[in-house]
Every structure is written in structure tokens, then in C-alpha cells.
Visitor: 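Have a look at the structure that comes next, please.
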Amino acid sequence: MGKGLALFGLILIILGILPLLLPMIGFGEYVSYFFILGIYEISLGGYLFSELMLILLGLGVVLLIVGAVR
């Protein structure tokens, strides 16, 4: 169970970072799906993070840590 949880957390982290990488490989039009709610945005390190990206990153980190500890 711990390995699966850690793997799922890693997948969520990758999905949270994916909108930062999509414009670099030519799929910039899909980034707008991550900003669809438009409730909250924060600029970190020159990159704009939406609420969905922050939720995916936060939950992914928590699940990765819990999965690694178990």
C-alpha cells in the first residue's frame, strides 16, 4: 500500500508541474484547463500557479511522504 501511495503522490506532483512544461514543448493551449476556475493564482519563481496546480502539488507531496514512511 505504501509503494502505491508514493507512486500516486509522484503522479500528482508531475500533473501539478505539467502546465509549466507544456508551453515549452508546444502544447501551450492546454494550460488554460488548469486555470479554468480562476479563483486563486500565485506567482512563485516567475511562474504562475493556479489553485488546481497548488492542490495537486500539495496533495502529491503529502501522499509521497506518507507512502515513503509506510
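Computed from a predicted structure; not experimentally measured.
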Visitor: With a 4.5 Å cut-off on side-chain heavy-atom distances among I, L, V, M, F, W and Y, is there a chain of contacts connecting Leu21 to Leu48?
Guide: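 Yes; tracing contacts between hydrophobic side chains, which count when under 4.5 Å, links both residues.
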Visitor: Once side chain to side chain contact (heavy atoms under 4.5 Å, CB included) is applied, do any residues pair with Leu57, and if so which ones, sequence neighbours excluded?
Guide: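 Scan of Leu57 (side chain to side chain contact (heavy atoms under 4.5 Å, CB included), adjacent residues dropped) gives Ile13, Ile17, Phe49.
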Visitor: If the condition is side chain to side chain contact (heavy atoms under 4.5 Å, CB included), which residues does Met1 pass it with, not counting sequence neighbours?
Guide: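 Counting only residues at least two positions away or on another chain, Met1 forms a side chain to side chain contact (heavy atoms under 4.5 Å, CB included) with Arg70.
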Visitor: Using distance only, find each side-chain donor-acceptor pair of residues 27-42 under 3.5 Å and give its atom names and separation, not counting sequence neighbours.
Guide:
{"from": "Ser32", "atom 1": "OG", "to": "Glu29", "atom 2": "O", "distance (Å)": "3.3"}

Visitor: Kindly work out whether a path of hydrophobic side-chain contacts (I/L/V/M/F/W/Y, heavy atoms less than 4.5 Å apart) joins Val62 to Met53.
Guide: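 Both belong to a single hydrophobic cluster.
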Visitor: Let me know which of Leu15, Leu18, Ile11 forms a side chain to side chain contact (heavy atoms under 4.5 Å, CB included) with Leu56.
Guide: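 Per the side chain to side chain contact (heavy atoms under 4.5 Å, CB included) rule, the option paired with Leu56 is Leu15, out of Leu15, Leu18, Ile11.
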Visitor: Which residues pass the side chain to side chain contact (heavy atoms under 4.5 Å, CB included) test with Leu63, not counting sequence neighbours?
Guide: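 Leu5, Phe8, Leu12, Leu59.
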Visitor: So, for Ala6 and Ala68, which heavy atoms are closest and what is the spacing to 0.1 Å?
Guide: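 It is CB-N, 4.2 Å.
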Visitor: Taking a hydrophobic cluster as the set of Ile, Leu, Val, Met, Phe, Trp and Tyr residues connected by side-chain heavy atoms closer than 4.5 Å, whether directly or through intermediates, do Ile55 and Ile14 fall within one such cluster?
Guide: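 No, Ile55 does not connect to Ile14 through the hydrophobic network.
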